[in-house]
Amino acid sequence: MLKISSTALGFAAALTLGACSSPAETPANPAVIASADVLQYVDPFIATGGHGHAFPGAVVPFGMVQLSPDNKSKGWDWTSGYHYSDTELLGFSHTHLSGTGVGDLLDILVLPFHGDYAASLKSPAGRPVATYSHADEQARPGYYAVQLKEQGISAELTTTERVGVHRYQFSQAKDAQLLIDLGYAQNYDKAVVGFIRQLDAQTLVGYRVSTGWAKLQPLYFVARFNQPFQATLYQDGAAVKGTLLQTEKAAAVLNFADLRQKPLEVAVALSYVSIEGAQKNLAAELPVLDFATVKQQAAAKWQAQLGRFQVDAGTDAQGATNKTKFYTALYHSYLAPQLFSDVDGRYFGADGAVHAGQHKAPRYTLFSLWDTFRGLHPLLTITDPGRVDGMMHSLYGFYQEQGLLPTWDLMSNETDVMIGYHAVPVLADAYFKGLTSLSVQQLLDASLASARQSRFGIDLFGKYGYVPSDLDVEAVSKTLEYAFDDHAIARLATAAGDAKTAAEFSQRAAAWQQLFDKSTGFMRGKTAKGAWVSPFNPIYVAHRTTDYTEANAWQYSFFVPHQVDAMIKSYGGAEAFVARLDQMFDMSSHMDGDVSPDITGLIGQYAHGNEPVHHVPYLYALAGAPAKGEARIRHIRDSMYHAKPDGLAGNDDLGQMSAWYVLSSLGFYPVNPVDAGYVRGTPQFQTVTLQLDNGKQLRILAKGDRLKPVKRWTLNGVELPISVDYRQLMQGGELVFEF
């Protein structure tokens, strides 16, 4: 194929590098995968309704491409580009976020249509729009299809890691066209410049640079068709002559010969580096354009990823429903972090430059760390340990390029969304589990850079021993989360032999004690002079302007996952602590103030739809009342997760909500995601067999009535305490829950 140098493409000139070595991608899992088909239990429409913010389109595990349908945004619940309540189609774009609270991406929109494109721009919609019915949609892992009956068009989508593949069948030849729109943008996104060039009769190349939640996002593409076309380029809605266009709102309308005789297939390869990178990705992943083969390969990748779990849920309808919830939650847990480097290892860095791959694994992006440090990353250490080192090097590479570890990495952009420096516990967890080649000194240096910055009240935290409420917002939440992150730093410092730093950060890790008010039993705000903030209302909420982040005092007062014993003692002992947990779950769900839409999934003041409380049901076990916690866990599993479009209690947040369900269905959860332990809960299924990366199997068995309290659990015949260590689990064998 003819190649075009990105040095001739304006913006792209600053983003090119010479040739580099080709790092090998880590495979999903080399272990033998069970043969039973599990894809029948995955429903990608789950969480596309309600506040789930998921998308139903085609993607492979951790893939760069998410090829999915887009509706016109009608508000916050359309952040993924799609909402199940909608039936108007704008087209199919190639990048989507899964379950986030902020919208971006939706790059390179493609729409098959009939009619006059110029006239559609003057319509109320301002663009061509198709309608569809959910009865005419299909979605399976790696595949999406919809019938546009009014247009007489069938559309099918599938993907490789870096290439989106489309197939369109037109039932009528008149005005059969395809729109490729680089100016299209929704939510926070805005196109800055688009470039399109027709290389030959069957190939387009180009790039789109946008700004929004990600301040700088260049994306390059090559689109190759199985049939020749005639292209008309559009600049801001006006047709222009020629085969090359560079403008803010660039689009192309392609006309083909009679498409009734042969389906139209198109492969759109992406790269965040250059057009040459997209061409290499296309050549490596799809040398021959064949939709059916790619669809089959995408399904096989998902079967390999999900099929390592084999679940015995019984033969009744509820068992089948629970399997659908479980496998769909697994599916959603494997969408991010996502692949960000090209097949030759090059990637767009956090410093705005293109880098050669410095590590054997690919570069990843999309780290929603305030959410995912809690459950998703500890889940991946069990199911995908071979990918973990690449993800850790991606976090560390971000630090090398920008001087700080990422807080919320979106396409190598720091969005500074949410609080904490939660890359630290993720890195520490990988280190203590033996899953990263980074040295402890490298990890400590990167962590200290984030912990000693002077933004977001971190400097105040170091000065006062807590974040004063009169000097910063969300002061209680920040104090609690900084303290947890500092516990991870103290452990890293100890491992590095740095006693002075270990002592300093051990002291900082106990900062929560400064804000615990024994007279009320809550974590409360203090002024710089040490006075309690007053008046105090533990059920009051005001979005991002109070002492608590997307929460109230009830939902944050139990966030001391690293010093649970000390927290229990501060409440007056285990009995009083358990009574306090009961009060939280059993009281009214009423809140005062301006309640954030993130605070959902309420059971009393427990809000499962947001992350700060996800560990709370497991605190019962650590306080000596596991049976109460098990009842809460069963209730949450049954009431907050459903096999329907509005089946999640809140945003999936790049898989954290789903990861909670997966782990809690297996029967354990990482209350402290730095200590490599998983606290006992109660299993959902009679039997789950997990094929581990190391070739061993972990078989989880429930003996007895699963609605009753767990009497004990054993691993390979040896009774366990209330938690199990990661390394024990990874040795495989039988983990037995006795009821």
Side-chain angles (χ1 to χ4, degrees), residues 23 26 337 347 349-351 355 357-370 372-374 376-382 384-409 412 414 419-453 458 461-462 481-509 561-562 670 672-677 725-727 730:
T26 304
Y347 64 89
D351 54 1
H355 296 262
Q358 300 297 316
H359 184 60
K360 63 180 180 180
R363 176 76 168 224
Y364 292 88
T365 188
L366 287 187
F367 289 92
S368 179
L369 293 161
W370 184 81
T372 58
F373 86 88
R374 306 167 195 270
L376 177 67
H377 284 286
L379 172 64
L380 296 181
T381 65
I382 296 173
D384 290 81
R387 293 187 188 270
V388 169
D389 195 31
M391 294 177 182
M392 299 309 101
H393 274 269
S394 297
L395 294 173
Y396 186 75
F398 194 105
Y399 156 72
Q400 291 179 303
E401 295 150 14
Q402 200 173 82
L404 294 170
L405 291 166
T407 300
W408 211 119
D409 167 19
S412 277
E414 176 58 87
I419 63 173
Y421 27 96
H422 294 315
V424 173
V426 173
L427 288 163
D429 184 44
Y431 175 77
F432 290 116
K433 290 175 178 175
L435 297 179
T436 182
S437 57
L438 291 163
S439 72
V440 67
Q441 193 61 53
Q442 286 175 306
L443 299 180
L444 181 59
D445 290 344
S447 299
L448 289 174
S450 289
R452 287 176 171 158
Q453 59 184 301
I458 297 173
F461 179 71
E481 298 204 22
Y482 296 161
F484 171 73
D485 293 339
D486 287 351
H487 164 74
I489 294 175
R491 289 204 64 200
L492 287 172
T494 298
D498 186 343
K500 181 179 179 181
T501 300
E504 175 190 353
F505 281 84
S506 292
Q507 182 177 6
R508 287 169 55 133
H562 56 298
N672 176 0
V674 176
D675 70 358
D725 184 74
Y726 170 81
R727 294 180 189 272
M730 299 306 285

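With sequence neighbours excluded, the residues forming a ring pair (Phe, Tyr, Trp, His ring centres under 6.0 Å) with Tyr399 are Tyr396, listed by chain and number. Checked against salt bridge (charged side-chain N to carboxylate O under 4.0 Å, His left out), Glu504 has the following partners two or more places apart in sequence or in another chain: Arg452. Annotation: side chain to side chain donor-acceptor pair (under 3.5 Å) contacts of Tyr421 (sequence neighbours excluded): Asp486, Arg508. Residues satisfying the side chain to side chain donor-acceptor pair (under 3.5 Å) criterion with Asp498, sequence neighbours excluded, are Thr501. Applying the side chain to side chain donor-acceptor pair (under 3.5 Å) rule to Gln402 yields no partners; only residues at least two apart in sequence or on another chain are considered. Not counting sequence neighbours, Phe432 has no partner by the ring pair (Phe, Tyr, Trp, His ring centres under 6.0 Å) test. Taking Asp725 as the reference, nothing meets the side chain to side chain donor-acceptor pair (under 3.5 Å) condition, with sequence neighbours excluded. Annotation: ring pair (Phe, Tyr, Trp, His ring centres under 6.0 Å) contacts of Phe505 (sequence neighbours excluded): none. Applying the salt bridge (charged side-chain N to carboxylate O under 4.0 Å, His left out) rule to Arg374 yields the partners Glu481; only residues at least two apart in sequence or on another chain are considered. Not counting sequence neighbours, the partners of Tyr347 by the ring pair (Phe, Tyr, Trp, His ring centres under 6.0 Å) test are His355. With sequence neighbours left out, the salt bridge (charged side-chain N to carboxylate O under 4.0 Å, His left out) criterion links Asp409 to no other residue.
When every heavy atom of Leu492 is checked against every heavy atom of Ser447, the shortest pair comes out as CD1-OG, 3.8 Å.
Legend: salt bridge (Lys or Arg N to Asp or Glu O under 4.0 Å) pairs involving residues 422-441, not counting sequence neighbours, sorted by first then second residue: Asp429-Lys433.
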